[in-house]
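Just follow the structure's listing: the first ligand is 1, and inside any ligand the first atom is 1. These figures come from a predicted structure and were not determined experimentally.
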Amino acid sequence: MTLGELLNLIEKRLSEVSPSWKAEARTIICHVLNVETLDLVLSRDKMVTEAQLSQVEEMIRLRIGRYPLQYSLSKQDFYGLEFYVDSNVLIPRPETEILVEFVIGEAKRMHKGQTGRILDIGVGSGAIVVSLAHHLSHFRFVACDIDFGALAVAKRNGEKHGLNERITWIQSDLFANIDRKSTFDIIVSNPPYIPISDLANLEPEVSNHEPHLALFAGEDGLDFYRRIIPEALVFLTDGGLLAFEAGHDQHMAVEALFKEHGYIDVGHFNDLNGIPRFIYGKKHQVEGDIRCLKD
Ligand SMILES: C[S@@+](CC[C@H](N)C(=O)[O-])C[C@H]1O[C@@H](n2cnc3c(N)ncnc32)[C@H](O)[C@@H]1O
């Protein structure tokens, strides 16, 4: 079979399951044949080997079973870097790049070249913390996840991009294993936020293959905001920033939680579809140490 014939065959089979079947077919061929997209046009008459054919067959079989292509490829691009991904982690989503962009801007504005500290809660693949570390060379980072499998993937990505010297990886249920004497200028999190009742409405790629630990957050999807917002006050520096990604209809509830716990400068901004998806607030400056009040 020629490469051109194989491409047509893959496109036909993927068109039954994926709206981006054309792009996915090209990605599969390029991955298996180890060629660039441009080579596909120039090499349509090239013969495909038996080994390549069976590798393509296996990838199509998985994809028809709605297995995410990124897990088969073991990679996903995020904020200009390539991340290793497997089924231990949520595949990083493009909208989360906007949260990263915001945090980089705030960190640079707050610190102007001095050393600062940032905590990422629920690192998954490490997409947020590794991107931040790549762009904020004078910051140090603590990154936690409750799941050892996710933490191993995130660490691998920190290593891949040569950033592990500035990132401390900690297995922790939110703040449970974070040293209570630590303080952070910024705490960032893209926590699980899907209400459990939405399970049936999710695409099979998500509901059947991405880790449920990364997706669901109780009845209304707000469980993690309810836990993180009050406890973050113990760890934030005065004036420190807490910033979240949230579900498409959650920003008002999350902003209310921020205000309820005395945060100032509470606000939100939109994703590229105009959905208010990112919410933030700052710890108000206090006389004395808030930890004395909390302990
Ligand atoms: C929505 S994913 C976000 C992953 C990554 N930060 C991203 O933006 O692509 C949420 C992550 O939170 C982790 N998680 C769930 N419950 C947690 C908990 N109680 N403490 C810490 N991390 C938790 C999950 O394992 C998952 O990796």
[X] side, atom [atom1]; [Y] side, atom [atom2] - distance, nearest 0.5 Å:
| X | Y | atom1 | atom2 | answer |
| --- | --- | --- | --- | --- |
| His268 | Phe258 | NE2 | CZ | 12.5 Å |
| Lys282 | Asp238 | NZ | CG | 13.0 Å |
| Glu97 | Leu272 | CD | CG | 8.5 Å |

Check your understanding: For the rings on Phe83 and His161, is their centre-to-centre separation under 6.0 Å?
Key ->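 Yes, ring centres under 6.0 Å apart.
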*asked:* Taking the six-membered ring for Trp, are Phe224 and Phe244 closer than 6.0 Å centroid to centroid?
replied: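 Here the rings of Phe244 and Phe224 have centres that are no less than 6.0 Å from each other.
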- Just say parallel, tilted or perpendicular for the rings of Tyr67 and Tyr71, cut-offs at 30° and 60°.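 Ring orientation, 0 to 90° scale: tilted.
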Any nitrogen or oxygen of [X], side chain or backbone, less than 3.5 Å from one on ligand 1?
| X | value |
| --- | --- |
| Asp147 | no |
| Gly122 | yes |
| Pro192 | no |
| Asn190 | yes |
| Asp120 | no |

Does ligand 1 have any atom that is closer than 4.0 Å to a heavy atom of Phe224?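 Phe224: in contact with ligand 1 (<4.0 Å).
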Report yes or no: does Leu213 have a heavy atom closer than 4.0 Å to ligand 1?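 For ligand 1, residue contact (heavy atoms, under 4.0 Å) with Leu213 is present.
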Checklist line | Distance-only side-chain donor-acceptor flag, Tyr193 / Glu245, under 3.5 Å | finding: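 On atom types as modelled, these side chains qualify, holding a pair under 3.5 Å.
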Heavy-atom distances under 4.0 Å decide this one: backbone, side chain, both or neither, for [X] against ligand 1?
| X | value |
| --- | --- |
| Thr96 | side chain |
| Leu174 | both |
| Tyr193 | neither |
| Ser172 | backbone |

Looking at [X], which atoms of ligand 1 are within less than 4.0 Å of one of its heavy atoms?
| X | result |
| --- | --- |
| Val123 | 4 (C), 5 (C), 6 (N) |
| Gly124 | 4 (C), 27 (O) |
| Ile128 | 6 (N), 8 (O) |
| Asp173 | 18 (C), 19 (N), 20 (N) |

**Message:** Could you check whether Arg166 makes a cation-pi contact with Phe141, meaning its NZ or CZ is under 6.0 Å from the centre of the six-membered ring and within 45° of the ring axis?
**Reply:**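 No; the conditions do not both hold, so Arg166 does not lie above the ring face of Phe141.
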For [atom], what is the closest protein heavy atom, and at what distance to 0.1 Å?
| atom | result |
| --- | --- |
| atom 1 (C) of ligand 1 | Ala214 O, 3.0 Å |
| atom 22 (N) of ligand 1 | Ile146 N, 3.2 Å |
| atom 27 (O) of ligand 1 | Asp145 OD2, 2.6 Å |

*Please identify each residue that fulfils side-chain contact (heavy atoms from CB on, under 4.5 Å) with Arg26, with sequence neighbours left out.*
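Partners of Arg26 by the side-chain contact (heavy atoms from CB on, under 4.5 Å) criterion, ordered by chain and then number, come out as Leu7, Glu11, Lys22, Thr37, Leu40.
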Q) Does the Asp120 side chain pair with the main chain of Ile128, one donor and one acceptor, at a distance under 3.5 Å? A)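 Absent.
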* Taking all non-hydrogen atoms of both residues into account, name the closest pair between Leu73 and His31 and its distance. =>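 Scanning both residues, the minimum pair turns out to be CD2-CG, 3.4 Å.
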